[in-house]
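Per chain, numbering begins at 1; letters A, B, ... match sequence-line order. The figures that follow rest on heavy atoms only: side chains count, while hydrogens, waters and symmetry mates do not. Not measured: the values here are computed from a predicted model.
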Amino acid sequence: MKYFDLHIHSAFSGGQSSLEQLASTAKELGYSGICFAEYFQSEVQLKKLKEEITKVKDKINIEIYLGFEARNPKELSKLVERRRMFDILLVQGGDLGMNRIACETPEVDIITHPENNRTDSGLNHVLVKSAAKNNVAIEVNFREILLGTKRTRSMIMKNIAQSIKLAKKYHAPVILCSGAISHFELRDPMILTSMANQLGMELNEAENSISKVPERIIKQSEERKSDKWIMPGVVVK
Amino acid sequence: MGVSKMIQQEKLKILPPILREKERYISFRIISEETIVYSDLESSIWQTLLEFYGERGLSEMSMWLVKNLYNEVKKIGVIRCNNKSVSKVIAGLGLITRLGEGRVNFKIEKVSGTIRGLRL
């Protein structure tokens, strides 16, 4: 089975490890592909990142995708305009407004840590329904659990479990990511699936969330890059 | 009666297979630049799992780090637990960030019902 981690921050956007360190550790841990989720600055930065990724890809035999994480609506609209220039579009969740925009935008692939800095899960039945309709994957971020301690960690886990429960009910896709900013924060796929199992997912569902769901996102992104693609389900022949 | 004979007599008779707990062995490799000493690994695993699952939760796992199977050079170790707690133990291992002075990462190599099945 192929495993993917689609939310990793490199030194390009506040991370602590280089692209090469992250890619080689991911390969050692058994991943087939990873995605560097960076913060968008300019098209020059985008081109530079693409060049760097090609270099690392050639050196370390692993699939590497380029993604951007939007932190506010302005950034999101900029990224939606340039959607075909990169692979994965992530939206930083946590703020209720951003959670809503992310779930309602079909161009978005992943909403990251919707429970970030909140006392609730950040998602309700309405948002999860629209995430399911627009095929926006709800992220289970391992770093949130890893860095939390005692009371905070238990709150985060409760909120993630709530999101998983809603996603299961409304058939919204769930994706497991490490959210790593350093190569020491990357985790074995088996660790991520086991943690998701502790949070209320069945083991086979958890495995799908780290293999089939990201694979579907990547496939969709490749289709989107073609000139024949108009919108989900509409292709010019 | 000699002391050794008395000790032998005090040993419990082994339970029949149907009453025995089903065991699983998890082999793992530590990804780290530093050398990891067994005592550091043992205390860190116990501490993390106790903190995460509590004393009651850990008592249900029958978790044990197998001392004689830890290879300090290859950084490979084996944890024994019961068949119902495999994912709990693996999830707990993921929460360990530091061992001794260095930062670490765990790679789960194999889960098997016997030590022989791990092919160490």
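- Only the side chain of Val111(B) comes within contact range of chain A, with heavy atoms under 4.5 Å apart.
- No more than 12 heavy-atom neighbours from other residues, nucleotides or ligands sit within 6.0 angstrom of NZ on Lys59(A).
- No more than 12 heavy-atom neighbours from other residues, nucleotides or ligands sit within 6.0 angstrom of CD on Gln47(B).
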side-chain contact (heavy atoms from CB on, under 4.5 Å) between Met195(A) and Ile90(B), worked out: CA-CA 8 Å; Met195(A) 184 55 86; Ile90(B) 293 175; over 6 Å; no
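- Within 6.0 Å of the CZ atom in Arg100(A), the count of heavy atoms belonging to other residues, nucleotides or ligands does not exceed 12.
- The local environment of CD1 in Ile14(B) is sparse, with at most 12 non-hydrogen atoms from other residues, nucleotides or ligands closer than 6.0 Å.
- Contacts between residues 48-70 of chain B and chain A, defined by a heavy-atom separation under 4.5 Å, are made by Glu51(B), Phe52(B), Tyr53(B).
- When all heavy atoms of Leu146(A) and Gly94(B) are compared, the pair lying nearest together is CD1-O, 3.4 Å.
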Run the side-chain contact (heavy atoms from CB on, under 4.5 Å) test on Asp188(A) and Leu93(B) for me, step by step, so that the C-alpha distance in whole Å, both residues' side-chain angles and the decisive distance to 0.1 Å come before the verdict. CA-CA 10 Å; Asp188(A) 188 289; Leu93(B) 283 183; over 6 Å; no
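- For Leu186(A) against Asn105(B), the heavy-atom pair with the smallest separation is O-OD1, 2.6 Å.
- Between Glu185(A) and Arg103(B), some side-chain heavy-atom pair lies under the 4.5 Å cut-off.
- Within 6.0 Å of CG on Asn117(A) lie no more than 12 heavy atoms contributed by other residues, nucleotides or ligands.
- The environment of CG in Asn204(A) is crowded: more than 12 heavy-atom neighbours from other residues, nucleotides or ligands sit within 6.0 Å.
- By number of non-hydrogen pairs under 4.5 angstrom with chain B, the leading residue of Ser154(A), Ser194(A), Pro189(A), Gly30(A) is Ser194(A).
- For Lys212(A), the NZ atom sits in a loose shell: 12 or fewer heavy atoms of surrounding residues, nucleotides or ligands are nearer than 6.0 Å.
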Before you tell me yes or no, could you show the steps for Phe142(A) and Leu95(B) under side-chain contact (heavy atoms from CB on, under 4.5 Å), namely the whole-Å CA-CA distance, both residues' side-chain angles and the distance that decides it to 0.1 Å? CA-CA 9 Å; Phe142(A) 189 80; Leu95(B) 298 173; 4.1 Å; yes
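- Taking all atoms of both residues into account, the shortest heavy-atom contact from Arg187(A) to Thr97(B) is NH2-CG2, 3.7 Å.
- Counting heavy atoms of neighbouring residues, nucleotides and ligands inside a 6.0 Å radius, atom NZ of Lys2(A) does not exceed 12 of them.
- Only the side chain of Thr25(A) comes within contact range of chain B, judged by heavy atoms closer than 4.5 Å.
- At a heavy-atom cut-off of under 4.5 Å, chain A is reached by Arg29(B), Ile31(B) from residues 18-31 of chain B, listed in order of number.
- The part of Ser182(A) that comes within reach of chain B is its side chain, from C-beta onward, which places non-hydrogen atoms under 4.5 angstrom from that chain.
- Between the NZ atom of Lys88(B) and the CD atom of Gln198(A) there is a distance of 6.0 Å, given to the nearest 0.5 Å.
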